[in-house]
There are 2 protein chains.
Amino acid sequence: MDRTETLTQALRQKGLRLTPQRLAICRLLATSEQHPTAQMIYEQLRPQYPSLSLATVYNTLDILVNLGVVNALGSAGDDVVHYDADTDPHVNLACTVCHRVIDLPSQHVRALEEEVTATSGYRLLGARVLYYGICPDCQQQPEE
Amino acid sequence: MDRTETLTQALRQKGLRLTPQRLAICRLLATSEQHPTAQMIYEQLRPQYPSLSLATVYNTLDILVNLGVVNALGSAGDDVVHYDADTDPHVNLACTVCHRVIDLPSQHVRALEEEVTATSGYRLLGARVLYYGICPDCQQQPEE
DNA sequence: TCCAAATTTAGAATGATTATAAAATAAAAG
DNA sequence: CTTTTATTTTATAATCATTCTAAATTTGGA
Ligand SMILES: [Mn+2]
Ligand SMILES: [Mn+2]
Ligand SMILES: [Zn+2]
Ligand SMILES: [Zn+2]
């Protein structure tokens with residue numbers, strides 16, 4: 001099952017309708033490498049869906065996060081929430097200068113997540129494994 | 001060096017003044033198990049420092065985060081930023097019902113952080129290793 | 001003591017997010 | 001294919017955490 005399917009299945013299983021807007025948001029989330037914010041999703045979809053409302057983007061994100069199929073990573077120094085549709089255990093790296101979030105391959109994070117699942121006693125809904133700092137590009141550039 | 005010292009030293013090393021307000025905020029952060037928010041710090045210190053301003057709390061937190069001695073964990077389902085003065089590698093667990101954040105001992109997270117430091121190429125400033133879900137208490141209680 | 005820089009404070013402003021209510025849409029029923 | 005009804009979307013207003021501003025205060029040094 002590809003990543004878009006994971007999101008749309010989750011909606012269907014809750015009896016929620018898979019509207020064109022929701023499908024577009026799911027697709028964008030599933031295929032983006034960007035860890036987008038609500039605003040970024042809104043702007044990227046507006047050309048295709050001129051009537052799309054920012055409220056719909058926020059509503060859909062909220063649903064997906066509460067279903068546990070999208071992670072809310074929080075701010076990357078820009079005071080805006082970034083989202084991640086990749087819920088496989090992995091490390092996120094945020095640059096507080098250019099506000100980009102990238103993935104980092106990691107040997108240890110899967111074991112970490114298993115440990116948390118096994119020992120915490122929590123009914124886990126999502127993960128936020130993110131380190132923040134200054135990316136190699138921004139360490140050189142005067143500014144971006 | 002205890003944790004309060006770590007924070008106050010960081011301020012001094014940048015040539016910043018260790019005012020009574022800043023000292024109180026550092027002490028509270030260093031000794032709290034709570035992962036407090038700016039508002040929580042403000043309310044807990046107001047009895048002792050009636051003139052304390054919320055802006056000072058935010059300013060001081062911002063300084064400490066930018067010095068890398070306090071981590072900004074983000075929201076625990078309450079849409080407010082929680083802070084953590086414990087920068088040793090560890091796992092945080094947030095309950096999205098009661099909005100409490102606790103620490104979880106972990107075997108793997110230290111190795112994870114070393115891996116990120118070694119391989120990312122980022123100048124790292126802070127960590128946000130947090131899993132969110134429903135805590136054992138809230139899984140039982142009707143609500144809190 | 002006096003001065004200049006740093007800091008705090010109160011309050012206003014910002015802006016991301018959430019709430020509201022009306023319009024549009026989609027499934028269900030007939 | 002209509003009618004009905006619940007769901008969803010949309011535009012807009014409201015909320016409220018956080019940041020900004022400028023004046024008052026405090027600090028450490030001359
Ligand atoms: Mn990611
Ligand atoms: Mn912690
Ligand atoms: Zn960067
Ligand atoms: Zn709880």
Side-chain angles (χ1 to χ4, degrees), chain A residues 7-8 10-26 28 35-67 70 72-83 94 96 99 101, chain B residues 7-8 10-26 28 35-67 70 72-83 94 96 99 101:
Chain A
L7 303 190
T8 58
L11 291 173
R12 272 197 277 265
Q13 274 184 334
K14 281 283 170 175
L16 298 168
R17 293 182 184 162
L18 189 58
T19 62
Q21 294 89 337
R22 284 180 178 165
L23 178 57
I25 292 165
C26 289
L28 192 157
H35 304 84
T37 66
Q39 185 71 40
M40 287 161 76
I41 294 170
Y42 176 61
E43 283 167 11
Q44 285 176 51
L45 294 181
R46 212 158 25 157
Q48 303 278 337
Y49 298 84
S51 80
L52 180 67
S53 159
L54 191 52
T56 298
V57 177
Y58 276 108
N59 286 342
T60 305
L61 286 168
D62 191 53
I63 290 167
L64 295 171
V65 169
N66 283 310
L67 290 173
V70 165
L73 298 183
S75 158
D78 47 5
D79 300 313
V80 191
V81 177
H82 289 251
Y83 295 89
T96 55
H99 308 136
V101 181
Chain B
L7 304 190
T8 56
L11 291 173
R12 272 197 276 267
Q13 276 185 332
K14 281 282 170 176
L16 298 168
R17 292 181 184 165
L18 189 59
T19 62
Q21 294 91 336
R22 285 179 178 166
L23 178 57
I25 292 166
C26 288
L28 193 157
H35 303 84
T37 66
Q39 186 71 41
M40 288 162 77
I41 293 170
Y42 175 62
E43 282 166 11
Q44 287 175 51
L45 293 181
R46 215 165 13 165
Q48 303 277 338
Y49 299 83
S51 80
L52 180 67
S53 159
L54 191 52
T56 298
V57 177
Y58 276 107
N59 285 341
T60 305
L61 285 168
D62 191 53
I63 290 166
L64 294 170
V65 168
N66 282 310
L67 290 173
V70 166
L73 298 183
S75 159
D78 48 5
D79 300 313
V80 192
V81 177
H82 289 251
Y83 295 89
T96 55
H99 308 136
V101 180

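Within every chain, numbering begins at 1; the chains are lettered A, B, ... in the order of the sequence lines, protein sequences first and strands thereafter. Small disclaimer: the values here were computed from a predicted structure and weren't measured.
In the helix from dT1(C)-dA30(D) to dG30(C)-dC1(D), the rotation axis of the first five pairs and that of the last five pairs differ in direction by 30°, rounded to 10 degrees.
In terms of heavy atoms, Cys26(A) sits closest to Thr8(A) at CB-CG2, 4.2 Å. Closest approach of Ala24(A) to Tyr49(A), counting heavy atoms only: CB-CE1, 3.5 Å. Between Pro36(B) and Leu28(B), the closest heavy-atom pair is CG-CD2, 4.2 Å. Nearest approach of Ala94(A) to Val101(A), heavy atoms of both residues: CB-CG2, 4.0 Å.
Tyr58(A) places its OH atom 15 Å from the C1' atom of dA11(D), with the value rounded to the nearest Å. For Leu61(A) and dT8(D), the CG to C1' distance is 16 Å, given to the nearest whole Å. Protein atom CG of Asp62(A) is 13 Å distant from nucleotide atom P of dT8(D), rounded to whole Å. Distance Leu11(A) CG to dT7(D) C1': 13 Å, rounded to the nearest Å.
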Show me the donor-acceptor pairs within less than 3.5 Å that the side chains of residues 51-63 of chain B make with the rest of the protein, sequence neighbours left out.
residue, atom, partner, partner atom, Å
Ser53(B), OG, Ala55(B), N, 3.0
Asn59(B), ND2, Ala55(B), O, 3.3
Thr60(B), OG1, Thr56(B), O, 2.8
Asp62(B), OD1, Asn66(B), ND2, 3.4

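Among the heavy atoms of the strands lying under 4.0 Å from Asp79(B) are primed sugar atoms or P, OP1, OP2 only; no base atom is included.
Each of Asp78(B) and Thr56(A) was assigned the nucleotide of DNA chain D with the nearest heavy atom; the assignment lying further toward the 5' end belongs to Thr56(A).
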### Full working for side-chain contact (heavy atoms from CB on, under 4.5 Å) between Tyr83(B) and Val65(B)
CA-CA 9 Å; Tyr83(B) 295 89; Val65(B) 168; 3.8 Å; yes

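First and last contacts of DNA chain C with chain A, using any nucleotide atom under 4.0 Å from a protein heavy atom and ordered 5' to 3', fall at dA16(C) to dA26(C).
A heavy atom lying under 4.0 Å from DNA chain D marks the following residues of residues 15-25 of chain A, by number: Leu16(A), Arg17(A), Thr19(A), Gln21(A), Arg22(A). Residues from residues 45-55 of chain A placing a heavy atom under 4.0 Å of any atom in DNA chain D, listed by number, are Ser51(A), Leu52(A), Ser53(A), Ala55(A).
Here the NE2-CG distance, from His99(B) to Asp78(B), works out to 5.0 Å after rounding to the nearest 0.5 Å. Note that the CD1 atom of Ile25(A) and the CG atom of Leu11(A) stand 9.5 Å from one another [nearest 0.5 Å]. Separating the CG atom in Leu7(B) from the CG atom in Leu23(B) is a distance of 10.0 Å, to the nearest 0.5 Å.
Annotation: side chain of Ser75(A) is not in contact with side chain of Val81(A) (no heavy-atom distance under 4.5 Å). The side-chain heavy atoms of Leu64(B) and Arg22(B), taken from C-beta on, include no pair separated by under 4.5 Å.
For Thr37(A), the side chain to side chain contact (heavy atoms under 4.5 Å, CB included) criterion is met by Gln39(A), Met40(A), Val80(A), His82(A), not counting sequence neighbours.
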